[in-house]
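Worksheet for the structure shown next.
Chain letters run A, B, ... following the sequence lines, proteins first, then strands; residues in each count from 1. As a basis for the values below, the full set of heavy atoms in this structure was taken, side chains included, without hydrogen atoms, waters or symmetry mates.
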Amino acid sequence: MYTFADRDEESVSLRPEATASVCRAYIEHGMHTLPGSAKLYYVGPMFRRERPQKGRYRQFYQIGAEVLGASDAPAIDAEVLEMLLVLFNRAGLALTTLSINSIGCKECRPIYVELLREELRKVKDALGPDSQRRIETNPLRVLDSKVPEEQPVIEKLPRIAEHLCSACRQHFSELKDELNLRHISYEENWRLVRGLDYYTRTTFEVTAEGLGSQNAVCGGGRYDGLVELLGGPAGVKGIGFAIGTDRAILSIQDSGKAPNPPGLAVFVAWMGMKAYPAAVAIAKKLRECGLVVEIPAEEMKFKKSLGLADKLGARYALIVGEDEAASGVFTLKRLADAEQKKLSENDLLEYLESEKRQ
RNA sequence: GUGAGCGUAGCUCAGCCGGUAGAGCAUCGGUCUGUGGAACCGAGGGUCGUGGGUUCAAAUCCCAUCGCUCACCCCA
């Protein structure tokens, strides 16, 4: 979290994420009295202080969703993941991998963490300085070390899946059943952890291609203890995710599947000042139909006009010369295949209206 | 916070051991006065990130500074 003093010496902090904020809103608005689980989402800018790198900016954007309520049914976790993957799919974010893990609860995790710490101490000499430090501060973090030399050592460490209590073990097992029910493919990653104590059980992450070393586009998990920790009612469970919007966009762009923005539909190629009034009039009517229209502000040579229409990526050129202005019959040219037809104003509007829907 | 790399035309970049800045693409005009994409010809566009230093002379060498990129750290 980035905290600093502003001009009035007031201490200001920039929010690094929104889950806690959502929990506070849940508490403040008494949402535990709402029927069923509260299903919430947010979109907004967040801030971090670290040096920027690819897909990791000091001001970044997150899209998040949270489910809060009395139930911690595995089906809720699975539904959250289902929604997330549907969203990615619709957005054209392909080649993603969903990793899941369970990090236990306040009963079983501390026991595992101690065990892990003891095992880490035995192999301390094989680890780098960062990991050595983390043995005491946050042993779980050693698991996501990227140092190549440490990998064989880490692979031999005790795994949390083998040390979950029976309730957590069952929850994780049921989660996998629920995911299968929804035909969601995933891989288990026993090294996927969260650093803070209020995180429980399910953790997950979605990674995508084209992002360098920062390849997670979404992270999330269960945080059954957080609402109570923040002063809310006991027994409220929660799960949610946050999408790194900047990274998701980078990955979509990289895959070349970005949807095309609505392009220029009609370029009004007019010739001669006698045709100009008719051109302006029809351009206005086309715009009223919701079409994106470009009309040159100054007279230009006809060849140049069509050339400009092409360069601007217009789908159609509407030709308005003296003949058209006099007869009221326009010439519409489709630029992709050079096919053109003559249409009265009404026919033109009708034709473009039907084209628009395709 | 740590490490590495990079700032030259709108974009991508070249510019060897210092000698007053270049290409491709893009833009604009012409060949071409009612039918686009091509080709050819021509034009415009730069305090070489900024400040200082060395030198007869600095885009080039030195120092500082700002910005950007990638990675580490961190990841609530």
Side-chain angles (χ1 to χ4, degrees), chain A residues 1-3 13-24 46-58 60 62 64 128-134 137-138 140-148 150 192-199 203 205 210-221 223 225-226 229-230 238 240-242 244 247 250 264 267-275 279 294 296 298-327 330-342:
Chain A
M1 189 150 61
Y2 184 44
T3 301
S13 295
L14 300 177
R15 61 178 180 185
E17 54 121 17
T19 298
S21 307
V22 170
C23 289
R24 286 189 205 98
M46 310 292 162
F47 306 85
R48 61 165 70 84
R49 186 178 38 178
E50 288 79 28
R51 285 262 180 84
Q53 49 190 300
K54 190 176 176 73
R56 192 180 163 104
Y57 312 122
R58 286 184 165 165
F60 60 104
Q62 284 191 343
D130 289 328
S131 290
Q132 288 195 13
R133 176 167 39 80
R134 285 184 287 217
T137 59
N138 199 342
L140 287 175
R141 281 273 154 229
V142 177
L143 299 181
D144 56 22
S145 159
K146 294 168 195 161
V147 180
E150 297 180 355
L192 182 60
V193 295
R194 289 285 176 267
L196 295 191
D197 285 344
Y198 57 79
Y199 279 100
T203 68
E205 189 170 278
L211 293 171
S213 72
Q214 300 293 328
N215 65 348
V217 289
C218 177
Y223 46 88
L226 183 55
L229 186 72
L230 292 172
F241 62 75
R247 285 186 207 173
L250 277 176
L264 179 58
F267 184 96
V268 179
W270 59 277
M271 282 171 280
M273 290 314 293
K274 283 184 184 161
E294 178 75 14
E298 293 174 290
E299 186 165 13
M300 56 174 71
K301 288 177 183 173
F302 188 54
K303 252 182 191 292
K304 191 182 159 188
S305 194
L306 279 184
L308 187 56
D310 183 50
K311 281 183 200 167
L312 294 177
R315 286 178 62 188
Y316 296 97
L318 184 69
I319 298 166
V320 186
E322 283 185 32
D323 297 348
E324 285 83 359
S327 66
F330 298 97
T331 305
L332 184 70
K333 180 183 182 101
R334 191 194 293 146
L335 291 168
D337 58 8
E339 189 177 281
Q340 58 185 54
K341 53 182 72 180
K342 292 194 176 283

Check: B:G34 base within 3.5 Å donor-acceptor of A:Glu324 side chain: yes
Between C1' of B:G29 and CE of A:Met300, the distance in whole Å: 13 Å
Sugar-phosphate only, base, or nothing, as touched by A:Gly321 at under 4.0 Å among non-hydrogen atoms: base
P spacing across the pair B:A4 / B:C63, given as an integer number of angstrom: 14 Å
Gap in Å between the two P atoms, one belonging to B:G44 and one to B:U2, rounded: 48 Å
All side chain to side chain contact (heavy atoms under 4.5 Å, CB included) counterparts of A:Gln132, not counting sequence neighbours: A:Lys124, A:Leu127
B:C74 to B:C13 separation - P atoms, rounded to the nearest Å: 33 Å
Considering all heavy atoms, the nearest A:Val320-A:Phe330 contact: CG2-CD2, 3.8 Å
Stems formed with participation of RNA chain B [Watson-Crick or G-U wobble, under 3.5 Å, three or more pairs]: B:1-7 with B:66-72, B:10-13 with B:22-25, B:27-31 with B:39-43, B:49-53 with B:61-65
Partner set under salt bridge (Lys or Arg N to Asp or Glu O under 4.0 Å) for A:Asp144, not counting sequence neighbours: A:Arg141
Sugar-phosphate only, base, or nothing, as touched by A:Lys311 at under 4.0 Å among non-hydrogen atoms: sugar-phosphate
Sugar-phosphate, base or nothing in reach of A:Leu308, heavy atoms under 4.0 Å: nothing
P gap between B:U8 and B:C68, integer Å: 14 Å
Chi class for B:C17: syn within 90° of 0, otherwise anti: syn
Salt bridge (Lys or Arg N to Asp or Glu O under 4.0 Å) partners for A:Asp130, two or more places apart: A:Arg133
Salt bridge (Lys or Arg N to Asp or Glu O under 4.0 Å) involving A:Glu50 - partner list, sequence neighbours excluded: A:Arg56
Touch class at under 4.0 angstrom, heavy-atom based, for A:Ala338 against every strand present: base
P spacing across the pair B:A59 / B:G53, given as an integer number of angstrom: 15 Å
Those residues that, when tested against A:Leu14, pass side chain to side chain contact (heavy atoms under 4.5 Å, CB included) (two or more places apart): A:Tyr2, A:Phe4, A:Phe47
Pairwise side-chain contact, A:Met300 with A:Leu308, heavy-atom cut-off 4.5 Å (strictly under): yes
For A:Thr137, all residues meeting side-chain hydrogen bond (donor to acceptor under 3.5 Å, both in side chains), sequence neighbours excluded: none
Residue list, side chain to side chain contact (heavy atoms under 4.5 Å, CB included) with A:Leu211, at least two apart or on another chain: A:Ala208, A:Asn215, A:Val217, A:Arg247, A:Leu250, A:Ser251
Beyond-backbone contact of A:Tyr223 with A:Leu229, side-chain heavy atoms, under 4.5 angstrom: no
Letter per nucleotide, 5' to 3', of nucleotides 70-76 of chain B [B base touched, S only sugar-phosphate touched, - untouched; heavy atoms, 4.0 Å]: BBBBBBB
Any residue meeting side chain to side chain contact (heavy atoms under 4.5 Å, CB included) with A:Ser13, in chain and number order, not counting sequence neighbours: A:Met1, A:Thr3
Same-atom distance (P) from B:U47 to B:A26, integer angstrom: 24 Å
Spacing of the P atoms in B:G19 and B:A57 (rounded, Å): 14 Å
Integer angstrom distance from the C1' of B:A38 to that of B:A14: 28 Å
Which residues share a side-chain hydrogen bond (donor to acceptor under 3.5 Å, both in side chains) with A:Ser305, sequence neighbours left out: none
Spacing of A:Phe267 atom CZ relative to B:G37 atom P, expressed in whole Å: 14 Å
Can you tabulate the close N/O pairs, meaning under 3.5 Å, that link protein atoms to atoms of nucleotides 30-33 of chain B?
unit_1 : atom_1 : unit_2   : atom_2 : d
B:G30  : OP1    : A:Lys301 : NZ     : 3.4
B:U31  : OP2    : A:Lys301 : NZ     : 3.4
B:U33  : OP2    : A:Lys301 : NZ     : 3.1

Spacing of A:Asp323 atom CG relative to B:U35 atom P, expressed in whole Å: 12 Å
